[in-house]
Amino acid sequence: MADRYSPREIERKWQERWERDGLYRTPDDDPRPKFYFLTMLPYTSGDLHIGHWYAMAPSDAAARYRRMRGYNVLFPMGFDAFGLPAENAAIKHGIHPKKWTYDNIERMRGQLKTMGAMFDWSREVITCDPEYYKWNQWFFLKMYERGLAYRALAPANWCPSCQTVLANEQVLPDGTCERCGTPVTRRDLEQWFFRITAYADELLDHSKIQWPEPVVVMQKNWIGRSEGVEIAFALEVPGVDEKEIRVFTTRPDTIYGVTFMVLAPEHPLVPKITAPERRREVEEYIELARRETEVQRLSTAREKTGVFTGAYCRNLLSGELVPIFIADYALMWYGTGAVMGVPAHDQRDFEFAQKFGLPVKVVVAPPGWDGSPLEEAYEGPGTMVDSGPFTGMPSEEGKGAVARYVEEKGWGRRRVMYRMRDWLISRQRYWGTPIPIVYCDECGTVPVPEDQLPIVLPEDVDFRPTGESPLARHEGFVNTACPRCGRPARRETDTMDTFMDSNWYFMRYLSPHYDQGPFDPELGRKWLPVDQYTGGAEHAVMHLLYARFFWKVCRDLGLVQGDEPFLRLFNQGQILGPDGQRMSKSRGNVVAPDEQVERWGTDTFRCYLMFLGPWEHGGPFTFQGIQGIWRWLNRIWNVALATPRTDEAADPLPLRKLLHRAIQRATDDMEKFRFNTLIATLMELTNSLTRALQEGPVHPRAWEEAVDSLLLMLAPLAPHIAEELWERRGRPYSVHQQSWPSYDPELARPEEVTLVVQVNGRLRDRLTVPADISEEEAKQLALGSERVRPHIGERPVRRIIYVPGKLVNIVVG
RNA sequence: GCCGGAGUGGCGGAAUGGGCAGACGCGGCAGACUCAAAAUCUGCUGAGGGGCCGCCCUCGUGCCGGUUCGAGUCCGGCCUCCGGCACCA
C-alpha cells in the first residue's frame, strides 16, 4: 500500500510546479477555439472570505472542464480596489487608503493562490492603479464628447453636523448619519451623470443573452418602462405666464374622474401659482419635504400629506375646474412632476382624497357595480361611465380612444416613461478615479485632453473628514491651468463611482499593460465577448446593467463588436454561517476558509463547497459534512494506487458499463454546473471500483481505463490530488492538459432495466428485464408475477399501461 | 403591497418532456479490527402496523382541492421562508 494522502505536501508542491511551468498562462495565439470564462473580481476588503471561495472554486472547476474539452480558456483574476472602505480605514486607523488596499491585495492574492485555481496571474488587473484608471478617464472623455456624460444639479445626502456629503451606504436605514447619528438631509449639488436612459429600450432587450430569468426580470423592473399619455391641463391663474400644467398618466381612460391635481413640492410652477394667503403653508411644506431623506419620503406606510396651493386648473376634456395641491407623493423626477388625481381609480389618489375630503368620481364601473361609493380605489378594467363621448366604452379600449382624441386636439401626446434614471457617477470622495474635467472662468467646463491623462490621484491628501471633499483641499491638485486658454483654473474634485471600474475590467484583462488604448483591439476581437460570467445575484441590476450599458457605448464607439458583454450568466447562491444566518463578525458565525484549508487541504474544501447543494442555492456551511469529502478523497487515493488482481479472461464489460454511465452523467452535470450530483456520481464510481477491487480479478485494461477516467473527472474539482495520483500512476504530466474522457453511448446504455409493476397505480413488484423487452412480453411477465396476482384477484383487467423501460400499470376493477 | 425563488427523512440534498420518493454524503445505531481509543471497514437507518421475521400492508414530498391508470412533478386556491423593488402616476 502506498503512503497516505497528505494534502499539505502535495498541494504546495503542485502549486509551485504549475507556476514554474506557466501551466495556466493562456496563450493569445492558440489555434483552439477561445472560451472566455469570467468570475467577478473581489473587492479588496482584507481577507478572502468563504463567499469568494463559493463563487470562485466551482467557477475554476467549470473553467478547467472547458479547457479539458479542447478550448483555449481565459480565466483571469484581479482586484476591485477603489471604494469607501479603504477611506474609512484611513479615517479610523490612520492608514493611507493606498497602503491599506495594496496590503490587502497582497494577502488576498496569497489566499487566492492557495485555492489552486487556473487563474492566469500574468493578466492581473488592479483598478486603483493609474495604469487602469487612466482609461476610466479616457472613457469618460469619450462619453462627454458624445453627450453621454453631462453635469446637472442633483440632490446628495448631506450631514449637517459633519458638513459633508455621504454615500448612500453611509446613511443608516433610519435616515441618520452612520458616524454622528444626525438626521441626513438632501442638498443639491452639481454632479456628473451618464446618460444610461438613452439606452433604456435596448437594455430591455435580453434576447441575445442566456441569463437566469430572475435577473432579466429584475432588470426589466428596474428599467420600468411604462406607456402612457402626457396631457395638458389649462392653468388660469392671473399674472402667471404659464398657461398649462402637463401630467403623465398611464390611465387616460380615467381622465373624466380627475377631481384634483398634485404637483411635486419641487415643481417649478409651485411658487408662481401659490395664492398669497397659502404661501406660508406651502413654503413650510416644501421645506419639510426637502429636509426628509429619500428613504423617509418614499416610505409607503406613511399617511398622505400635502397642502392646497389656492390655485385651480381646468380639465380640458370635461371642462371641470379642479384644485391644485402639492404633495410629496408626487415625484419631480418621474414623468412631469405633476399627477392628475383620480381617487376612484388610483389607491394613492384615493387615500389623498379621503384625507382632504375631495370628491371621488367613478368613471370606470367595476363589473356588477351598483353605484354605491367605493371602499377603495378600483384599478381594474370596466365600462366607462360619466365620461362624455367615451361613456359606455370598455376602459381598455378607452385608453387608446382618449389618447387619440387628446392628440387630435393638440392637448398632449403619447409618451414612454422609465423608472430608471440617469446614472449619477459623481462621488464626493477621495479613493476613486478623478473626473478629467477642469473649470475655467473663461472657457467654462473643459475636458482634459487625452494626452494629459491620467490625472493622478495625489497621495499626500488630508482625507480626514473636516467638512470638505478631500481633493478640494489639495491645492496642488485643484489649481491647474485651463487646457484651452492656459489661464488658472480649478479641477473637478469629485471622483467616479466605483461601478465605473467594474464596467470594463474584463476588457483590460486581455492586455493589462497596453498603453495605446483601454485594451489591444486585436485581442478584443479575439476574446470578447465573455462566454460565461459567474457571480452573485446582488449585482443583478447595478453592475450588470451598467456593464451592459457601457458595452453598448463601446460598441457605438467602434471598440467592440456585438451587442452584449456577457453571453451566459450564472448566479451562485450565498453561503451562510453554520447557524443559517448571514455570516458577519458581529454574529460570530464567520467561517474562515484559511482554517479549513489548513485543516483539510484545498481539494477537500473546494469539493465540499461544491457538494453542499446546487450551486445556485447556497446555504449554511456546516462542519460535519466536510468529513465525508475527506473520506472520499482518501478512498480515491487508495483505489488509484491499489494493485488489483487482474485476469485477462475477466469480463471487462461490467466495469466498462459502470464507467461509461458515470462519464455520461458527470459530463451532463458539468455542462449544467451541477457539481453536487457530479461529485455524488464520482463517489458512486469510487465505491464501485473499491468493491470491484475487493471482489476479485478485474480485467486489466478495463481497470486502468476506469481509474484513469476517474482521475480525469476529478481533476477540475480537486486539481492537486488528481495531479499527484496521475503522476504516481506513471501518466504524462499534466493531468490538466488531458482531454475530458468521452463515453461510448453503447456502453452507457443499460442492458437491463427495472420494470415497475403497478396495480391501479400502486407499486406491487419490480422486475429485472432486458432493456429491449417487447411490450407484449412485459405485460405477460407483469400479469404472471406472484406478487401482482393477489392484487388483481378476481377483478377484470380493464387496461394495461406500458411505459417502455419504466413500468407496467394494470388497471382492474 | 408588487415581482421573483424555494418548501422532500434527524441534517445537506437526489429524483420534474408525470411513471421505483429519499441517490450521494453527514449524523445515529449495531458489528469487525484494537489492550483501549482514534482512524478505517461492514451492515442497518422516512413514519406506523402486521408477521410462518432474507416478508407484507398502510401512510408519507408545506396545506386544501382538482386533472390522470398514475402527481414531489401539471392545474386552481391558500400558508411559510428567502431575495428584489417599494407612493414610478
Side-chain angles (χ1 to χ4, degrees), chain A residues 4 212-222 224-226 228 247-251 254 262 264 295 297-302 304 327-331 333-342 345-349 351-352 417-421 537-538 540-541 571 573-574 576 580 582 608 611-614 616-629 631-632 634-635 638 665 674 676-684 686-687 690 694 753-766 787 790-791 798-803 805-813:
Chain A
R4 293 169 61 100
E213 200 50 33
V215 176
V216 172
V217 170
M218 267 194 256
Q219 292 204 341
K220 285 194 184 342
N221 291 343
W222 182 266
R225 181 191 154 98
S226 55
V247 300
F248 175 73
T249 180
T250 55
R251 292 296 304 274
T254 65
V262 178
V295 177
R297 179 162 165 184
L298 294 183
S299 160
T300 45
R302 236 172 34 147
K304 294 278 176 293
D328 61 6
Y329 83 89
L331 307 167
W333 53 262
Y334 189 79
T336 60
V339 179
M340 60 183 212
V342 186
H345 307 294
D346 182 292
Q347 189 55 28
R348 296 156 303 179
D349 297 343
E351 286 163 21
F352 191 82
M417 290 289 170
Y418 301 93
R419 198 196 80 109
M420 181 174 68
R421 287 179 272 178
E538 66 272 22
V541 278
N571 288 134
Q574 195 180 34
L576 304 170
R582 268 179 89 118
Y608 181 54
F611 186 61
L612 275 175
E616 65 270 30
H617 278 194
F621 181 94
T622 54
F623 294 99
Q624 295 106 330
I626 196 163
Q627 184 83 247
I629 296 289
R631 287 178 189 147
W632 171 54
N634 275 282
R635 284 203 300 277
N638 293 332
R665 287 165 58 190
R674 288 197 306 222
N676 57 330
T677 49
L678 165 55
I679 289 173
T681 297
L682 296 187
M683 281 175 171
E684 285 184 78
T686 310
N687 294 345
T690 307
Q694 289 162 350
V753 292
T754 304
L755 199 62
V756 168
V757 184
Q758 298 179 333
V759 177
N760 285 351
R762 304 180 96 98
L763 176 75
R764 296 304 177 189
D765 198 7
R766 294 161 221 252
R787 295 182 182 172
H791 293 283
R798 291 188 189 277
R799 249 174 102 183
I800 301 179
I801 290 158
Y802 176 66
V803 182
K806 292 271 168 99
L807 64 55
V808 178
N809 186 14
I810 302 161
V811 185
V812 299

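Because only heavy atoms are used, hydrogens play no part in the values below, and waters and symmetry mates are left out as well, while side chains stay in. Because the structure is predicted, anything quoted here is derived from the model rather than measured. Naming convention: chains lettered A, B, ... in sequence-line order (proteins, then strands); numbering from 1 in each chain.
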Closest to the A:T677 side chain: B:G19, B:A89, B:A14? B:A14

B:U67 and B:C75, which share atom name P, separated by this distance in whole Å: 16 Å

Reckon A:R764 touches a base, only the sugar-phosphate, or nothing at all at heavy-atom distances under 4.0 Å? sugar-phosphate

Base, sugar-phosphate alone, or nothing: which one does A:N687 contact when heavy atoms must sit under 4.0 Å apart? sugar-phosphate

May I ask you to say what A:L807 touches in the nucleic acid, namely base, sugar-phosphate or nothing, with a heavy-atom cut-off under 4.0 Å? base

Starting from C1' on B:C82, measure out to CD on A:Q574 and report it in whole angstrom. 10 Å

My understanding is that only residues two or more places apart in sequence, or in another chain, count here; which of them pass side chain to side chain contact (heavy atoms under 4.5 Å, CB included) with A:R762? A:R764

Assign A:V339 to base, sugar-phosphate, or nothing according to its heavy-atom contacts below 4.0 angstrom with the strands shown. base

Can you check the distance between B:G62 and B:G72, where both ends of the measurement are the P atom (answer in whole Å)? 10 Å

Separation of A:R798 atom CZ from B:C69 atom P, in whole Å? 12 Å

Taken to the nearest whole Å, CH2/A:W333 to P/B:A86 is 8 Å

Contacts of A:T249 and A:R799 projected onto RNA chain B by closest heavy atom; the upstream (5') one is A:R799

Which label fits B:G9, syn or anti, where anti is any glycosidic angle not within 90° of 0? syn

Counting only side-chain nitrogens and oxygens, does A:R787 get under 4.0 Å of the OP1 or OP2 atom of B:C56? yes

Kindly give the atom pairs (protein nitrogen or oxygen, nucleotide nitrogen or oxygen) under 3.5 Å for nucleotides 39-42 of chain B.
from  : atom 1 : to     : atom 2 : distance (Å)
B:U40 : OP1    : A:R631 : NE     : 3.4

A:R419 CZ to B:C2 C1': how many Å, rounded? 12 Å

Both distances under 3.5 Å, Watson-Crick or G-U wobble: on that basis, could you give the dot-bracket string for RNA chain B, with [ ] for crossing pairs and | for other-strand partners? (((((((..(((......[....)))((((((.......))))))(((((....)))))..(((((..]....))))))))))))....

How far, in whole Å, is B:C78 from B:A23 if one measures between their P atoms? 36 Å

Among residues at least two apart in sequence or on other chains, which ones pass salt bridge (Lys or Arg N to Asp or Glu O under 4.0 Å) with A:R225? A:D201, A:E227

Which value, in whole Å, describes the distance between the C1' atoms of nucleotides B:U45 and B:G22? 12 Å

List the steps, then state whether side chain to side chain donor-acceptor pair (under 3.5 Å) holds for A:R799 with A:N809. CA-CA 8 Å; A:R799 249 174 102 183; A:N809 186 14; over 6 Å; no

5'-most contact on RNA chain B: A:M417 or A:V541, nearest heavy atom basis? A:V541

Answer with base, sugar-phosphate or nothing: what part of the nucleic acid does A:E684 contact at a heavy-atom distance below 4.0 Å? sugar-phosphate

Whole Å only: how far is the CE atom of A:M420 from the P atom of B:A86? 14 Å

Is there a donor and acceptor pair, one atom on the side chain of A:Q758 and one on the base of B:G19, closer than 3.5 Å? yes

Could you check whether A:H345 gets within reach of a base, just the sugar-phosphate, or nothing at all, counting any heavy atom under 4.0 Å? nothing

Quick test: give all pairs of protein nitrogen or oxygen and nucleotides 6-13 of chain B nitrogen or oxygen below 3.5 Å, distance rounded to 0.1 Å.
from  : atom 1 : to     : atom 2 : distance (Å)
B:G12 : O2'    : A:L612 : O      : 2.5
B:G13 : O3'    : A:N676 : ND2    : 3.4

Between B:G28 and B:G46, how far is it from one C1' atom to the other, in whole Å? 14 Å

Please measure how far the P atom in B:G54 lies from the corresponding atom in B:G60, and state the result in whole Å. 29 Å

Which part of the nucleic acid, if any, lies within contact of A:V217, taking any heavy atom under 4.0 Å across all strands shown: a base, the sugar-phosphate backbone alone, or nothing? sugar-phosphate

What's the closest nucleotide to the side chain of A:N809 if the choices are B:U58, B:G70, B:C24? B:G70

Filtered N/O pairs between nucleotides 46-54 of chain B and protein, under 3.5 Å:
none

Distance, P atom - from B:A6 to B:G76, rounded to whole angstrom: 16 Å

Which whole number of Å gives the distance between the C1' atom of B:G31 and that of B:C24? 24 Å

Residue that, paired with A:D349, satisfies side-chain contact (heavy atoms from CB on, under 4.5 Å) out of A:V262, A:T254, A:V342: A:V342

So, the side chain of A:N760 versus the backbone of A:V812: is there a donor-acceptor pair under 3.5 Å, distance only? yes

Separation of A:L576 atom CG from B:C82 atom C1', in whole Å? 10 Å

Atom pair distance, as rounded to whole Å: CG in A:D346 and P in B:G1: 18 Å

Nearest whole angstrom, please: distance from the P of B:A21 to the NZ of A:K806. 13 Å

